[in-house]
Each structure stands twice: as structure tokens, then as C-alpha cells.
Number of protein chains: 2
Amino acid sequence: MKRIQVKKGQILQRKGDLHTKAYEVKSGLLRSYAIDEKGKEHIFLFAPEGWIMADSNDYDQPAALFIDALEDTILIEKEKLAVKVHEMSKLIKRLNVLQQRVIMLMSASAIERYEHFIETYPDIVQRVPQRMIASYLGITPEALSTVKRQQVLKK
Amino acid sequence: MKRIQVKKGQILQRKGDLHTKAYEVKSGLLRSYAIDEKGKEHIFLFAPEGWIMADSNDYDQPAALFIDALEDTILIEKEKLAVKVHEMSKLIKRLNVLQQRVIMLMSASAIERYEHFIETYPDIVQRVPQRMIASYLGITPEALSTVKRQQVLKK
DNA sequence: GTCATTTATTAATCTACATTAAGGCATAAG
DNA sequence: CTTATGCCTTAATGTAGATTAATAAATGAC
């Protein structure tokens with residue numbers, strides 16, 4: 001359990017890594033993402049200040065996701081065992097967020113997803129490139145542009 | 001921790017329930033699902049023999065999902081605390097399955113999803129109605145019919 | 001058994017989003 | 001300064017899957 005500083009762009013975990021850690025974000029921003037068979041990135045979660053970012057895997061299992069820093073970030077690196085015992089509820093919340101994402105991807109239109117996103121992460125919209133928000137929403141950057149234009153016109 | 005028999009169609013957990021349990025399936029089939037704002041069902045997971053079905057929520061939090069039996073089922077009902085301590089890795093596997101579903105929904109076409117489904121659950125295809133498989137895949141029953149027709153023609 | 005209800009299939013049409021391509025703004029590098 | 005590189009936006013075109021509707025098959029109630 002140690003305090004670490006990482007630079008924007010630094011990769012903390014790669015798919016396949018063993019003995020992965022959990023990261024509690026003190027300041028900055030992390031993301032976790034997967035790369036599909038076609039080589040496309042899909043963002044799973046953003047973790048701003050106060051969040052814990054941890055791969056879901058067990059000790060023996062290789063990591064399923066990549067984790068990197070979208071901003072210079074200060075974090076506490078923890079052994080997962082410690083997380084398991086003491087921070088269970090935070091990890092469980094993470095599972096809930098994932099469930100909400102499945103519902104969203106199955107039922108909501110691009111506009112609805114975007115509106116939900118800015119409710120959930122009002123500050124992050126300004127902090128990450130549009131194409132990453134598109135990736136999180138499961139749409140193309142072009143479609144996101146259109147959504148935002150309609151969004152503005154509505155007001 | 002007790003052995004229970006439930007009939008097909010019986011609901012084990014409703015959204016909003018408190019003090020929810022975890023269920024280890026001995027025989028039969030459970031499913032968990034959500035109902036979106038438009039009233040549509042979206043299936044999250046099927047749990048056949050050997051699986052543990054548990055809502056992701058913490059003790060204080062109300063349940064996010066419904067759980068019901070798709071077949072007459074025999075199961076072991078457990079306190080979640082017991083699950084947390086002794087069956088962590090099974091719950092973690094569940095999180096991994098959910099992650100795979102997010103990737104699938106973001107990147108795979110209807111045909112790819114269906115092919116992946118029959119690989120993952122070769123036996124369940126015959127055990128549940130088509131419309132539930134469609135719900136799990138995030139497509140309409142009509143689209144699933146078309147996919148299956150193309151699937152047959154390919155061979 | 002009959003009748004009612006739910007489910008699955010097929011086809012015709014529609015639409016949300018993807019794809020492609022082009023142009024405008026940045027930031028960084030020489 | 002100029003040029004290159006990456007990102008965002010806009011518009012035109014294409015397409016996978018949704019929607020609608022009609023028919024058939026299966027399931028369940030009585």
C-alpha cells in the first residue's frame with residue numbers, strides 16, 4: 001500500500017497481467033478499457049478522485065482490462081486482498097455501475113446515453129476527449145457530435 | 001443456509017427488496033433481469049446448475065434486479081455474508097461475465113452475439129423461449145429469427 | 001376435447017447510427 | 001513563421017436492426 005504518482009498516458013495494467021493491484025485515486029483520472037477482436041477500444045469506467053479502480057479478476061486470473069491515466073494522477077496502490085476485506089462495498093458499487101451500463105447499452109438511444117452520462121459525470125465531460133466519451137457510450141465520435149448539436153438546439 | 005424448491009415462474013427477488021440472499025442452483029434454471037423506464041425486460045444472466053445467482057448489492061442497498069425461476073429449481077439459499085467470505089471468487093467471475101457482456105453489446109453484431117451465446121450456453125438455447133435469448137442478446141425476437149435463419153443457411 | 005393466449009416466424013417498411021469523406025482548429029515541431 | 005498531426009464537426013450515403021403487421025404454431029385454461 002503505497003502512494004504513487006503517474007503521468008498522463010501511463011499504463012498501470014495491461015490485459016493479461018498477473019498479480020494486479022487496486023488503485024484508489026487521490027487526484028487525477030484513470031480509465032479502464034478493453035480492446036475487441038477488431039482492435040477497437042471500449043472504455044468501461046472512468047475513475048476520478050475518490051474512486052477505486054480495480055480489475056475484477058481474482059489472483060490467479062490474468063487481467064481482463066487495461067488501465068491507464070488520462071491525467072497526471074496521484075493514487076494509492078493496494079493489494080487486492082486488502083481491498084477485498086475492507087473495501088468490498090466500493091467494489092460492489094462498481095459492479096452496480098457495470099449493471100447500469102448493460103441496461104443502458106441494451107435500452108437507451110445515443111441521446112439518452114449522453115444525457116445519462118453528463119448527469120453521472122458532470123465534470124468529466126470537460127476533462128476527456130470527445131472520442132473517449134463516444135467510446136464509453138458505445139457510439140462513434142461523429143454520432144456524438146450530432147447528439148451534442150441536437151442537445152444544444154433543444155435549449 | 002437452506003435447501004429450497006421453487007416452481008417455474010416463481011420470483012425469488014424483486015427490485016427494491018432488502019436483505020436479499022444469494023442462491024446456489026442445484027438443478028433447474030434461474031435468471032436475473034431488469035425492467036427499464038419503458039417497461040421492457042432485459043435479461044442479465046442465466047444461472048443453470050452449479051451457478052450462484054446473487055444480486056450485486058450490499059446489505060443496506062435495495063436490490064437492483066429481479067430474479068426468478070425459468071424451470072422448477074432446487075437451490076441453496078445463503079446469507080450474503082457467507083457468500084462474501086467463502087465464495088468471493090464465484091462472485092468475481094460473475095463480474096467478469098458482466099464485463100464481457102458490455103464488450104459484446106458495444107462491439108458485436110447480432111449474429112456474433114448469437115454465436116457467442118450458443119458457445120457459452122450450448123444447452124440453454126433449448127431450455128428457454130427465444131424471446132428471452134433475444135432479450136439477453138439485446139435484440140428483438142424478430143431479429144433473432146432472422147439471425148437463426150441465416151445461421152442455418154450458412155451450413 | 002375447445003378456445004384463448006402466448007410465442008415464433010416471415011416480409012415490408014422505417015430509422016438510428018455507422019461509414020466515408022472533406023474542411024476547420026488546434027497544438028507541437030521544425 | 002510554416003508544416004504536420006490529431007481532433008472535432010458537418011454532410012451524404014449506406015445498412016443493421018427496429019417496427020409493424022399478418023400468419024402459424026405452441027401452450028395453457030377450462
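Proteins get letters first, then strands, A, B, ... in listed order; numbering begins at 1 in each. Values below: all heavy atoms of this structure, side chains included; hydrogens, waters and symmetry mates excluded.
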Per nearest nucleotide of DNA chain C, the residue lying toward the 5' end, A:Glu142 or A:Ala110, is A:Ala110

Report the distance from atom [atom1] of [X] to atom [atom2] of [N], rounded to the nearest whole Å.
| X | N | atom1 | atom2 | result |
| --- | --- | --- | --- | --- |
| B:Met132 | D:dA26 | CE | C1' | 15 Å |
| A:Ile139 | D:dA16 | CD1 | C1' | 17 Å |
| B:Leu144 | C:dA11 | CG | C1' | 17 Å |
| A:Arg131 | C:dA26 | CZ | C1' | 14 Å |
| B:Gln150 | C:dT9 | CD | C1' | 14 Å |
| B:Lys7 | D:dG28 | NZ | P | 13 Å |
| B:Ile111 | D:dG17 | CD1 | C1' | 11 Å |
| A:Gln130 | D:dG6 | CD | C1' | 14 Å |

Check your understanding: Should the pair B:Tyr114 and B:Phe117 be assigned to parallel (<30°), tilted (30 to 60°) or perpendicular (>60°) ring geometry?
Key -> parallel

Q. Is a donor on one side and an acceptor on the other found under 3.5 Å between the side chain of A:Asp72 and the backbone of A:Lys8?
A. yes

Using only side-chain N and O atoms of [X], determine if any of them is under 4.0 Å from OP1 or OP2 of [N].
| X | N | value |
| --- | --- | --- |
| B:Thr140 | D:dA18 | yes |
| A:Arg149 | D:dT9 | no |
| B:Ser145 | C:dA8 | no |

side-chain contact (heavy atoms from CB on, under 4.5 Å) assessment of A:Ile74 paired with A:Arg3 | CA-CA 7 Å; A:Ile74 296 170; A:Arg3 195 179 188 84; 3.9 Å; yes

Among C:dA18, D:dC8, D:dG17, the one nearest any side-chain atom of A:Ala143 is C:dA18

Ranking D:dC8, D:dT9, C:dT9 by distance to the side chain of B:Lys148, first place goes to C:dT9

Residues A:Gln13 and A:Lys21: side-chain donor-acceptor under 3.5 angstrom: no

B:Tyr33-B:Phe44 aromatic ring centre distance below 6.0 Å:
no

query = Which is true for B:Pro141 with a 4.0 Å heavy-atom rule: it touches a base, it touches only sugar-phosphate, or it touches nothing?
reply = nothing

